[in-house]
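Excluded from the calculations below are hydrogen atoms, water molecules and symmetry mates; all remaining heavy atoms, backbone and side chain alike, are included. Please read all numbers here as calculations on a predicted model, not as lab measurements.
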Protein chains: 2
Amino acid sequence: MNTVMTNQTEQVLTIGEVAALTGVTVHTLRYYEKAGLLEVPRLSNGQRRYREMDVKAVEFIGHLRRTGMPIRAILEYADLVRSGKDTSAERMRLLEQHRDNVARELAEQHKHLVGITAKIEWYRAALDQADSSDARLTETLTATASTP
Amino acid sequence: MNTVMTNQTEQVLTIGEVAALTGVTVHTLRYYEKAGLLEVPRLSNGQRRYREMDVKAVEFIGHLRRTGMPIRAILEYADLVRSGKDTSAERMRLLEQHRDNVARELAEQHKHLVGITAKIEWYRAALDQADSSDARLTETLTATASTP
DNA sequence: GTTCTCCCTAAAGTGCACTCTAGGTCAAGC
DNA sequence: GCTTGACCTAGAGTGCACTTTAGGGAGAAC
């Protein structure tokens, strides 16, 4: 009465297959597990077998990592998931906080990008000038350039 | 005839002032200089004095760094600037390449952000459900959650 | 039966960008 | 004249996220 029918057809993947599927190296997958981000079931010989939920977890960790969340913070989240208690509210809060940080960071980066683009435009203007001018002017342009 | 009137009123700043102005620490400013990104004039006693163009350079380095350009790459750019030759075209090419990389990266991060937001929405829906339900359902939700 | 390929662990190494320390100089203010 | 605070250098240390190494095990393929 306690052992509910488990899905026999669930496919499991080796670490190499997960690496190929997700783009995360085999080394890094093991590293994540040692860091406590994952808990992957093993065969009796010790080999990892990733269920679909493990692969999904790897992908979600990818979202967090690629947006700059430190391993430490992801670990906090993972610990909440595994705590057994209903920590949904807190987990959501963590994610929202991270999302806000990332949004801020993206806005920041966009501003920096504008600065870079301005410089590119400055070069373009300078080169256009040089094209329709003589060599002396080109010299002057590069010498007096306002902080190229 | 060679020494053109130089602007007497140009203000110069100490390293501490530049740090306060740009948000880059004193340590990092010296580090950038040792790395070859900057060449700041000195007083006879060795103290740095930043001209406006030096401050502008610090700010531009900030744009590049904060968008992830490695010090090495910034150094390449700085070397081109100092090379004496007209390297405008190449410098522009470097900046354009970086700009494209950053744009790609921002798009990537935006995709990851969408993944994170989806998870947050999943939590919000789960918590809404739990609000209008009893404790047992809450339990079930956290237990059967698809890769929380 | 040995070669190949994948898998395993523990631990050391790497690369990057700072960041800090130790030991000092120098000018201004009390 | 001495304390304070800002500056200087060379070099060591830090934190992070991998990445590599060393030394193996296990099962399929020839």
Closest approach to the side chain of B:Pro70, judged atom by atom: which nucleotide of C:dA17, C:dT9, C:dC18 is it? C:dA17
Between C:dT21, C:dC18, D:dT19, which nucleotide has the shortest distance from any of its atoms to the side chain of B:His27? C:dT21
For the residue pair B:Tyr77 / B:Arg91, report whether a side-chain donor-acceptor contact shorter than 3.5 Å exists. no
Measure CG/B:Leu75 against C1'/C:dC16 and give the value in whole Å, please. 14 Å
Under-4.0 Å side-chain N/O to phosphate OP1/OP2 contact, A:Arg42 with C:dT9: yes
Has A:Arg30 got a side-chain N or O lying under 4.0 Å from the OP1 or OP2 atom of D:dT20? no
Could you state the atom-to-atom distance from CZ of B:Arg66 to P of C:dC18 in whole Å? 10 Å
Value in whole Å for how far the P atom of C:dC16 lies from CD1 of B:Ile74: 13 Å
Atom pair distance, as rounded to whole Å: CE in B:Met69 and P in C:dA17: 11 Å
A:Asn45 or A:Thr25, whichever maps to the more 5' nucleotide of DNA chain D: A:Thr25
In whole angstroms, the gap separating C1' of D:dC7 from CD of B:Glu17 amounts to 12 Å
What do the steps show when you test A:Glu33 against A:Arg42 for salt bridge (charged side-chain N to carboxylate O under 4.0 Å, His left out), and what is the final call? CA-CA 12 Å; A:Glu33 192 169 341; A:Arg42 309 290 186 108; 3.3 Å; yes
When the distance from OH of B:Tyr32 to P of D:dC8 is rounded to whole Å, what number comes out? 17 Å
Without decimals, in angstroms, what is the distance between B:Gln47 CD and D:dA6 P? 12 Å
Does A:Arg65 have a side-chain nitrogen or oxygen under 4.0 Å from the phosphate oxygens OP1 or OP2 of D:dC18? yes
Are any of B:Thr14's side-chain N or O atoms less than 4.0 Å away from OP1 or OP2 of D:dA6? no
If the cut-off is 4.0 Å, is B:Tyr31 near the phosphate of C:dC20, judged by side-chain N/O to OP1 or OP2? no
Phosphate oxygens OP1/OP2 of C:dC8: is one of them under 4.0 Å from a side-chain N or O of A:Arg48? yes
Are A:Lys56 and A:Glu52 ion-paired here, with the side-chain N under 4.0 Å from a carboxylate O? yes
What's the closest nucleotide to the A:Ile15 side chain, out of C:dC8, D:dT19, C:dC26? C:dC8
Separation of A:Ile71 atom CD1 from D:dG15 atom P, in whole Å? 16 Å
Any donor-acceptor pair under 3.5 Å linking the side-chain atoms of B:Gln47 with those of B:Arg49? yes
Using a strict threshold of under 4.0 Å (side-chain N to carboxylate O), is an ion pair present between B:Arg124 and B:Glu121? yes
Where the side chain of A:Lys34 is concerned, which of C:dC8, D:dC7, C:dA10 is the nearest nucleotide? C:dA10
